Amino acid sequence: MNVKHLAIIMDGNGRWAKARGKVRTEGHFKGVEVVRDAAIAANDLGVEVLTLYAFSTENWKRSADEVGYLMKLPALFFNRFLKELMEKNIRIAMTGEMDQIPADTAKVLTSAIEETKNNTGMVLNFAMNYGSQREIVLAARKYAEEVLSGKRANDLEVDQFDQYLMTSEFPPVDLMIRTSGECRLSNFLLWQLAYAELEFIDLPWPEFTAETLKERMEQFKKRDRRFGGVKG
Ligand code: FPP
């Protein structure tokens, strides 16, 4: 089975930098280059949607300096790589709440989304100011409003809930990779990961390569996904 939707928690930038006597932001800087490599590799491997956890709702708790730097990453990334992404027919998307994102960062994201909106290749989706529990609560509110306004009955089924989520246009996640050794989901795509294969790898994000991705995708193909059923 192919990976249609690949999701990645890009962890370990800070630790990678610290281990080299560098400041944390240098890890994020290196991480941006790895985003480019991962996106190009995923596109070449036939992935339809690549969702990257770039900034969680919990990341606001970091120092003002670090938050400020993380908010500059989209500009850094698109200035360097948007041309190449365009050539590869890649479309940029964002999952998360744009409202609280600083205006200049929001502008950079919005214009990359706009510029690539007619591209028909892989979707490179950045989860920015994103938290899955909040996404689910907002979806529940949206549904409740429809019921209260008489637009629909109180008859929601599991397979209809996706349409209220921020990722409604994407298929469920097939494979989720988290770098840097932690085995947790950190409030990332909890609903969408229901039947995903999970890979926790020891490498920190700055050391993740196209080769690593290829390997993991090969592994995925060998797995027997039964979605709760029995092997046929
Ligand atoms: C986690 O490492 C990483 C982040 C919070 C930021 C990840 C973002 C990027 C790699 C680039 C995003 C690119 C764009 C274009 C938006 P950490 O700092 O938590 O590492 P640590 O656990 O070692 O401290």
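When a ligand or atom number is given, it counts from 1 through the structure's own listing order. Here the structure is a predicted model, which is why all the values come from computation and not from measurement. All values below come from the heavy atoms of this structure, side chains included, with hydrogens, waters and symmetry mates left out.
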Residue part near ligand 1, for Lys18, under 4.0 Å between non-hydrogen atoms: neither
Trp205, portion touching ligand 1 at heavy-atom distance under 4.0 Å: side chain
Mind checking whether Phe126 and Phe78 have parallel, tilted or perpendicular rings, split at 30° and 60°? perpendicular
Who's closest to atom 19 (O) of ligand 1 heavy-atom-wise, of Met94, Arg80, Arg62? Arg62
Using distance alone, decide if ligand 1 has a nitrogen or oxygen within less than 3.5 Å of any nitrogen or oxygen in Gly14. yes
Could you tell me the residue and atom name of the protein heavy atom closest to atom 21 (P) of ligand 1, and the distance to it rounded to 0.1 Å? Arg15 NE, 3.5 Å
Can a salt bridge be assigned to the pair Arg20 and Glu207 using a cut-off of 4.0 Å between side-chain N and carboxylate O? yes
Name the closest protein heavy atom to atom 7 (C) of ligand 1, giving the residue it belongs to and the distance to 0.1 Å. Asn13 ND2, 3.7 Å
To the nearest 0.1 Å, how far is atom 11 (C) of ligand 1 from its closest protein heavy atom, and which atom is that? Leu73 CD1, 3.7 Å
How far is atom 13 (C) of ligand 1 from its nearest protein heavy atom, and which residue and atom name does that atom have? Val35 CG2, 4.1 Å
Output all residues satisfying salt bridge (Lys or Arg N to Asp or Glu O under 4.0 Å) with Glu182, sequence neighbours left out; order by chain, then residue number. Arg15, Arg184
Please report whether ligand 1 has a polar contact with Val32, defined as an N or O pair separated by less than 3.5 Å (distance criterion only). no
Suppose I only count heavy atoms of Arg24 and a 4.0 Å limit; which atoms of ligand 1 are within that range? 17 (P), 18 (O), 24 (O)
Within reach of ligand 1, part of Asn59 (heavy-atom separation under 4.0 Å): side chain
Within the supplied structure, the quantity of interest is the number of heavy atoms (other residues, nucleotides, ligands) at a distance under 6.0 Å from Gln133 CD; does it exceed 12? no
Are Asp104 and Lys72 within salt-bridge range, i.e. N to O under 4.0 Å? no
Over 60° means perpendicular and under 30° means parallel, so tell me whether Tyr164 and Phe161 are parallel, tilted or perpendicular. tilted
Mode of Leu70 contact toward ligand 1 - side chain, backbone, both, neither (heavy atoms, under 4.0 Å): side chain
Looking at Phe126, which atoms of ligand 1 are within less than 4.0 Å of one of its heavy atoms? 14 (C), 15 (C)
Please confirm whether Glu182 approaches ligand 1 to less than 4.0 Å, judged on its heavy atoms. no
Could you find the nearest protein heavy atom to atom 3 (C) of ligand 1 and give me its residue, atom name and distance? Met10 O, 3.0 Å
